[in-house]
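All remarks here apply to the structure that follows.
In this text, all values refer to a predicted model and were calculated from it rather than measured experimentally.
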Amino acid sequence: MILALQGFQLFAQTPAASDSVLTNPGVMITIALILIILVIAVYLVGIKVNNLVKVVRERRIRNDARYLAKSLDELSAGEVREELIKRKQALDFKLSNTELSGENAPDDKKGLLHNVAEVNTPRFIAAKKKAVKRPDIDPKLTKLILWYLGSATLWLVLGTSVGEYLGIKFVSPDVDHVSWLSFGRLRPVHTNMVFWGWSSLAMIGLGYYVVSTVSNTVVASLKWGWYALYLINASVILGSISLMAGINNGGGEYREYIWPIMLLFAIGLVITLINYLQTIARRKTKEIYISNWYIVAAVMFTIVIALVGYLPFWQNGLGETIAQGYYMHQGVGMWFMLFNLGLIYYFLPQQLNTPIYSYSLGILAFWTQILFYTLIGTHHFIFSAIPWWLQTVAIIGSMGMLIPVFAGTTNFLMTFRGNFHKIGSSYTLPFYLVGIIFYFTGSSQGTAEAFRSANLYWHFTDFTVAHSHMTMYGIIAFMLWASIYTLVPRLTGKEPRQSFVGAHFWMALIGLLFYTVPLMIGSTLRGIAWQEGKPFIDSVVLMAPYWLWRAIGGSLMWASHLIFAYNLYYMIASKEATDLQKTVFEELNKLPANTSKQ
């Protein structure tokens, strides 16, 4: 009955405004989703507050080793033997475990002491498990993957540095008067750099590992992988320069690169698709694992998306607007989201050392995402001149997206079932968990935002900016970081510094919350002010404190990227961590043989 009534409202030409914004269904759903994120964030802070910092004390280890070696050298053979006997007696001594508690069983089953064996690290930091040693892969493939990830990280730092500067401009708009640095030119530089430079290159690089691994074969052509890397990097470099110079495609969000520059990216995608398909065709397994379904479909859809967005046949009037809605939303959902889900279907079960909960749920999510996501582009143009029926189709498609979102979230969380205790001892699983949480909350909030009643408040406000960061950052970036922290130690044999990974995680998560939640609140109030007919400048003044929070949150996010870049460098180029036992024997070997004391 309720669904039927809502269906009639869906086709109403003039939906009645709710008496209160808080009773609006879309607003209520969004508030509930935000509260879910905040509750989980508080929970994570509570259980992981002791994992923020790890200090590697190499100098102390060296000094302890030298002191121990010197002490052993000063002892005679008889004294050494006597000390060893005492030490053996001490090690062999065992308590009855009733000296203090008596014979009664303790009520505290868990006990109060934890990690008592940790003597070389700060006791308030829980030890994290290292990456599981995997079979060695071709060093040439390792080099290719690391170059993809290194290039992606460079674009992440540069692109978000531009975004950080744009956030500052909201607080101090007169910070510069240079045309190349104007907001209108830098904003597409930021979005395209993180889209096509950071996210795309990172996904393709990780894809080369997943596609070949689940196919149990080698990559068809490493040379083609390098060609695609060169072409995509060239497109981002040339595109960024042209945008800053004022040369752009005009008006189309995320397709501001002119067609010759975007053609380089498209050719790189075609090369990548052929390479992936040839690798899968050579597989040594009968079935094609679900990860390859998602990854190959993502590349295929993106080639189609680029053709729709850049071929001129329908780029007039409303046709251009409809094509823009399709291009913009398919780029997010059928390129970034679909590809990342393919990565997670491999990396998450492998990291948890457990199979995916349900292969069938994965297939259901795959086909329903293809069915519904391709329909929802025009929900960004509610109450526009686009035909009303097409807007309604987009809203229904947005509601249908709850099926793949619920199926995928259930699949991932049920894979976590019985493994949640591993989060405290892992520096990768928190990234996976946050990505999954935002996958559910961010995608569901997108459905709520598509309702006409909610769109009345949020359209043309910064709410869309908050939503896009909740999805592209909370889902895509966190999932990519999780995959990178999982894979790179296996490729290089070097672990990142635990404290720096923790700093990266918390600064990125807290910064994202500082960024999105205030913008959602301020944008809702701004939409109400517009509906009440208040002067536009009043809504600008209203947003000032929320834009300040945007700048603060963006600064935390940007700083976390610098830490991530250092972590990647450390995993690739750092020296191995000093081992106390190995160092002691190295120092002993340096001492001259002393036979006079024997």
Q.
Distance to the ring centre below 6.0 angstrom and angle to the axis at most 45 degrees; does that hold for R550 and F514?
A. no
Q. Relative to each other, are the rings of W481 and F478 parallel, tilted or perpendicular (30° and 60° limits)?
A. perpendicular
Q) With ring centroids as reference points, do W224 and Y208 lie under 6.0 angstrom apart? A) no
Q | Pair Y485 + H504: ring centers closer than 6.0 Å | A | yes
(Q) Please report whether the ring centroid of Y254 lies less than 6.0 Å from that of F195. (A) yes
Q) Does a side chain donor of either S200 or W335 reach within less than 3.5 Å of an acceptor in the other side chain? A) yes
**Q.** Partners meeting side-chain contact (heavy atoms from CB on, under 4.5 Å) with E164 (sequence neighbours left out)
**A.** I168, S555, W558
**Q.** Validation row, ring centre H561 to ring centre W198 under 6.0 Å
**A.** no
Q. Is it true that atom CZ of F183 has more than 12 heavy atoms of other residues, nucleotides or ligands lying nearer than 6.0 Å?
A. yes
Q. Is the gap between the ring centers of W259 and Y310 under 6.0 Å?
A. no
Q: Please confirm whether Y345 and Y294 have ring centers closer than 6.0 angstrom.
A: yes
Q: Could you tell me if the ring centre of H459 sits under 6.0 Å from that of H380?
A: no
(Q) Any donor-acceptor pair under 3.5 Å linking the side-chain atoms of T486 with those of Y432? (A) yes
